[in-house]
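Report on the following structure.
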Amino acid sequence: MSSAVSILGKPSISKISNARKKDQDFTITARVVVAPKTPYTPELSIKGVPHTDLHIREIVQRQLQIRRSDHTVYNKPEFHSEFLDEAYDRCKDICAEYAKTFYLGTRLMTEERQKAIWAIYVWCRRTDELVDGPNAIHMSDAVLDRWEERLHDLFYGRPYDMLDAALTHTVHKFPLDIKPFRDMIEGMRMDIKKDRYENFQELYQYCYYVAGTVGLMSVPVMGISPESSCYASSIYNSALNLGIGNQLTNILRDVGEDALRGRIYLPQDELAQFGLCDNDVYSRKVTDNWREFMKSQIKRARFYFNQAEEGASKLDKDSRWPVWSSLLLYRTILDAIEENDYDNKTKRAYVGRTKKLLMLPLSYTRSVSTTFALH
């Protein structure tokens, strides 16, 4: 299952290789939308789930406390300027080719932030490709162990290749903690060991590992607007919610493709509540029960997008456009599932190039117009 960095497709691994607010006492929480008790009452309830087990609060606090002048933990990387320029150019090319809408949004960011976001995007893409790319058949814990060791090395100034070097330089420039990167690798470990999720709490954890982590990586680079009255914790919560919403949308879009690989990324208990089971997922038939089940799942994903909106409008003004582009694009995928009459077994919800391009001015308008009405 692709992570939330999968916006417009994915390259093969071979192609890839060639704030701040004062620290406040806060609790980062996950918002879990609970499935309806019966198949035909789609009203959803919400409850907060502490991120204690995931140690998200600690990640946020560390990233808020790190200062650019205080990178004593890491070895300062020394790169020739031409080498570094080429490294970032390669990251830019990958992002431009495989995440076109998001890439265009990054073009309004400062040059320093553009480069950093491209470097993070490429690392996430390469990580995802390990278990979801053409060489996934060779995946094992040992491969992920080596990838994690490589991550440690690049964080400490010892990059393995040119693309690693771009992230090493980014880590030195911005207050990035290593744990969200490690957590994403943990999500890849789940993918090679687990193909069913008993309930949404289990699925949420997976979504955090493979997609919520992207939000934690991105906020320190994108920056929080100095005019924002929100605590930094609320911005991070919004970033997490966007990642969760994106990943839930990936899951709903890819039900048919994942089923062909024997994977079902849908809560088993909620399927049962609608009188459904694995065989109904493998089936190519779209029943009334399936439609009602999908309506509840889409409503949940939209909830997370709604929760993400305020944070998107509290980022630094030069960083809002790519976030709004991603948010609106993924919402449109949900619309496409509905337009397909909830058939995500034999049809892939598709957002055409024209609609994507039309979304750019809309997302730009949202990024500049929704400033600080929300608190």
Side-chain angles (χ1 to χ4, degrees), residues 1-6 27-37 42 44-60 124 128 131-132 179-219 233-234 236-255 258 263-274 281 293-309 311 326-327 330-331 333-334:
M1 167 57 61
S2 304
S3 68
V5 297
S6 302
T27 300
I28 301 288
T29 61
R31 292 177 182 265
V32 174
V33 182
V34 180
K37 295 293 186 182
L44 307 177
S45 60
I46 303 165
K47 61 182 180 180
V49 177
H51 276 119
T52 306
D53 292 343
L54 301 174
H55 303 288
I56 291 174
R57 176 179 174 177
E58 291 91 328
I59 295 171
V60 174
C124 292
D128 181 63
V131 299
D132 206 28
K179 189 174 187 299
F181 295 84
R182 285 176 172 158
D183 283 350
M184 179 171 277
I185 296 173
E186 185 62 29
M188 302 303 113
R189 295 186 195 280
M190 289 180 70
D191 246 337
I192 63 176
K193 296 177 180 178
K194 193 175 178 70
D195 56 20
R196 296 292 188 280
Y197 293 85
E198 184 59 33
N199 52 48
F200 184 66
Q201 281 71 25
E202 286 188 8
L203 184 62
Y204 179 91
Q205 185 179 39
Y206 171 74
C207 290
Y208 160 73
Y209 279 134
V210 300
T213 49
V214 180
L216 297 183
M217 299 170 193
S218 301
V219 171
S233 59
S234 70
Y236 275 96
N237 265 326
S238 293
L240 284 166
N241 286 328
L242 178 57
I244 300 302
N246 285 355
Q247 187 60 25
L248 290 174
T249 301
N250 281 343
I251 287 169
L252 300 180
R253 180 195 62 197
D254 298 340
V255 164
D258 290 330
R263 295 184 175 277
I264 297 177
Y265 294 89
L266 300 168
Q268 294 285 306
D269 60 343
E270 295 177 21
L271 282 168
Q273 288 171 14
F274 285 85
V281 180
F293 170 72
M294 286 305 302
K295 288 176 184 178
S296 73
Q297 302 301 305
I298 288 173
K299 187 169 185 178
R300 170 185 279 150
R302 284 184 173 139
F303 165 81
Y304 282 101
F305 288 137
N306 291 339
Q307 294 297 307
E309 282 196 8
S326 175
L327 197 159
Y330 269 83
R331 276 181 169 160
I333 294 172
L334 295 175

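Numbering of residues begins at 1 and proceeds along the displayed sequence. Quick caveat: nothing in here was measured; it's all calculated off a predicted structure.
Residues Glu270 and Phe200 form a side-chain contact, since some pair of their non-hydrogen atoms from C-beta on lies under 4.5 Å apart. Two residues are said to be in side-chain contact when any heavy atoms from C-beta on lie closer than 4.5 Å; Asn246 and Ser326 meet this criterion. Side-chain contact between Gln273 and Pro267 is absent, with no heavy-atom pair separated by less than 4.5 Å. Here the side chains of Ile56 and Tyr208 are in contact, with some heavy-atom distance below 4.5 Å. Counting only heavy atoms from C-beta outward, the side chains of Arg302 and Tyr330 never approach each other to under 4.5 Å. Taking the side chain as every heavy atom from C-beta outward, Asn199 and Gln268 never approach each other to under 4.5 Å.
The shortest heavy-atom contact between Val210 and Gly187 is CG1-CA, 3.8 Å. Taking every heavy atom of both residues into account, Leu327 and Ala308 meet most closely at CD1-CB, 4.1 Å. Nearest approach of Leu334 to Ala301, heavy atoms of both residues: CD1-CB, 3.9 Å. Considering every non-hydrogen atom in both Cys124 and Val214, the closest pair reads SG-CG2, 4.3 Å. Heavy atoms only, all atoms of each residue included: Leu216 and Tyr236 are closest at CD2-CD2, 3.6 Å. Shortest non-hydrogen contact noted between Ser238 and Gln307 is OG-O, 3.5 Å.
Between the side chains of Asp191 and Tyr265, at least one donor N or O sits under 3.5 Å from an acceptor N or O. The closest side-chain donor-acceptor pair between Asn306 and Arg331 falls under 3.5 angstrom.
Glu186 and Lys179 are not joined by a salt bridge, as no carboxylate oxygen comes within less than 4.0 angstrom of a charged side-chain nitrogen.
With values rounded to the nearest 0.5 angstrom, Gln247 atom CD is found 11.5 Å from Leu242 atom CG. In this structure, Thr249 OG1 and Gln297 CD are separated by 11.0 Å, a value rounded to the nearest 0.5 Å. Between the SG atom of Cys207 and the CD1 atom of Ile251 there is a distance of 4.0 Å, given to the nearest 0.5 Å. A distance of 10.5 Å separates CD1 of Ile244 from CZ of Phe305, quoted to the nearest 0.5 Å. Interatomic distance, CG of Asp183 versus CD of Gln205, reported as 9.5 Å (0.5 Å rounding). A distance of 12.0 Å separates CG of Leu203 from CD of Glu198, quoted to the nearest 0.5 Å.
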Worksheet entry | Asp258/Ile264 under side-chain contact (heavy atoms from CB on, under 4.5 Å): CA gap, chis, key distance, verdict | CA-CA 6 Å; Asp258 290 330; Ile264 297 177; over 6 Å; no
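Below 30°, between 30° and 60°, or above 60°: for Phe293 and Phe274 the angle between ring planes is above 60°, a perpendicular geometry.
Contacts classified as salt bridge (charged side-chain N to carboxylate O under 4.0 Å, His left out) and involving residues 202-212 (residues at least two apart or in different chains) are given here: Lys194-Glu202.
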